Amino acid sequence: GVWRQTRALLFKNCLIKCRTKKSSVQEVLFPLFFLFWLILMSMMHPHRKYGEVANTNLGTLDTSLLVNFVIGYTPPTRVAREIMKKVAFDNFEDGLITEEYLSEEELQEASASKPSNFVGVVFTGATSYQLRFPDSVAMSSIYTESR
């Protein structure tokens, strides 16, 4: 019954493997080659580890750099509006402009049209957010997934 059919199938597969040695060797060696290649590539580009930065006083902020600076944010919720109003008016007297966008796509389009003085803020929760910079800003390799 079943045992005889299984044994015949195994014998048939062994005969096929013995008769097609080239493809059998390729089935074993190609995965090993790709594994070696992946290990070699990971050794050529090792993961960089950055140490902690100590808390230091950075001094006062030069607000002249922020003249006509635009901060766009989305989604336009009540909490987001309050946070952005606090950022714009409590910390800076003039020169900081906040704009709200209905979707993240609109925020990206605005970022493309004014890349030199625009930063986007995407609120993912009540108090959590992600910053969106134009492509011309040099990004750290640590935080690329939050971009």
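Note that the structure is a prediction, hence the values are computed from the model and not measured. Note that the numbering runs from 1 along the sequence shown for the chain.
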[X] (side chain) donor-acceptor with [Y] (main chain) under 3.5 angstrom:
X	Y	answer
R132	V122	no
T77	A80	yes
K86	I83	no
T98	I71	no
T6	V2	yes

Roughly how far apart are [X] [atom1] and [Y] [atom2], rounded to 0.5 Å?
X	Y	atom1	atom2	result
I16	T20	CD1	OG1	7.0 Å
L15	K17	CG	NZ	12.5 Å
S24	K22	OG	NZ	12.0 Å
H45	L40	NE2	CG	9.5 Å
E105	T74	CD	OG1	8.5 Å
M84	Y73	CE	OH	7.0 Å

Single-linkage hydrophobic cluster V121~V79, side-chain heavy atoms < 4.5 angstrom: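 Yes, because V121 and V79 connect within a single hydrophobic cluster, where side-chain heavy atoms sit under 4.5 Å apart.
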May I ask whether F33 and L29 are part of the same hydrophobic cluster, defined by side-chain heavy atoms of I, L, V, M, F, W, Y residues being less than 4.5 angstrom apart, directly or through others?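 They do not share one cluster, since no chain of ILVMFWY contacts under 4.5 Å joins F33 to L29.
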Quick one: do E82 and R78 make a salt bridge, cutoff under 4.0 Å?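 Yes.
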Check [X] against [Y] and note the closest heavy-atom contact, atom names and distance.
X	Y	value
P31	V28	CD-O, 3.5 Å
A110	Y101	CB-OH, 3.2 Å
L102	P76	CD2-CG, 3.9 Å

Taking the side chain as every heavy atom from C-beta outward, state whether L35 and F30 have any pair of such atoms under 4.5 Å apart.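 Side chain of L35 against side chain of F30, heavy atoms only: no contact under 4.5 Å found.
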Taking the side chain as every heavy atom from C-beta outward, state whether M41 and F36 have any pair of such atoms under 4.5 Å apart.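 Counting from C-beta outward, M41 and F36 never come under 4.5 Å.
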Inspect the surroundings of OH in Y129 and state if more than 12 heavy atoms from other residues, nucleotides or ligands are less than 6.0 Å away.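 No, the 6.0 Å shell around OH holds no more than 12 heavy atoms from other groups.
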